[in-house]
Amino acid sequence: MTRCILLGLACGTPADAGVPFRETWTTDALHQAMNAFQRAHGGRLLSRTSVLRILNMADIRPHRLRLWLHSPDPEFRAKV
């Protein structure tokens, strides 16, 4: 159950989890958010290493995003 909660957090945005001032997850921010959730719901706290291990086993790297830039400007290619 803890694993599913952590993966759910990692697949969402920090704003979805109520973490202000972040656009992407870092390992430390995810660790803190997960432990805050566990404290609030009486769950078992995780170490930072456990968070990393769970993310690695699921091949999830929330801090590595690929972004696509799209502009509606028809002259975009020429301007770039």
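Remember, it's a predicted structure, so these values are computed and weren't measured experimentally. Throughout, numbering of the chain's residues begins at 1 and tracks the sequence. Worth knowing before you read on, the calculation uses all heavy atoms, side chains too, and leaves out hydrogens, waters and symmetry mates.
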S.K.: Under the criterion side-chain contact (heavy atoms from CB on, under 4.5 Å), I'd like the reasoning laid out for Q32 against V19: C-alpha separation, chi angles, the key distance, then a yes or no.
M.R.: CA-CA 10 Å; Q32 291 171 359; V19 178; over 6 Å; no
S.K.: State which residues pass side-chain contact (heavy atoms from CB on, under 4.5 Å) with R48; sequence neighbours excluded, sorted by chain then number.
M.R.: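 Here the qualifying residues are T27, D28, H31, L52.
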S.K.: Of all the heavy-atom pairs spanning Q38 and R44, show the shortest one and how long it is.
M.R.: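 That would be NE2-O, 2.9 Å.
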S.K.: Look up atom CG in L55 and atom OG in S50, then write down how far apart they are to the nearest 0.5 Å.
M.R.: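 Going from CG on L55 over to OG on S50, the span is 10.5 Å.
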S.K.: Roughly how far apart are L6 CG and R53 CZ, rounded to 0.5 Å?
M.R.: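 Taking CG in L6 and CZ in R53, the distance rounds to 12.0 Å.
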S.K.: So, taking the atom named CZ in F37 and the one named CD1 in I5, what distance separates them when rounded to the nearest 0.5 Å?
M.R.: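 That separation rounds to 4.5 Å.
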S.K.: Would you say L45 and M1 are hydrophobically clustered, going by side-chain heavy atoms of ILVMFWY under 4.5 Å?
M.R.: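 Per the 4.5 Å side-chain linkage, L45 and M1 are not co-clustered.
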S.K.: On a heavy-atom basis, which atom in N35 and which in L46 lie closest, and how many Å separate them?
M.R.: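 For N35 versus L46, the nearest heavy atoms are OD1-N, 2.8 Å.
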S.K.: Can you name the closest pair of heavy atoms from A10 and W25 and give their distance?
M.R.: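 Shortest heavy-atom separation between A10 and W25 comes out as O-CD1, 3.7 Å.
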S.K.: Short question: side chain of D16, backbone of T13 - any donor-acceptor pair under 3.5 Å?
M.R.: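 Yes, the answer is positive, given that a donor and an acceptor are paired below the 3.5 Å cut-off.
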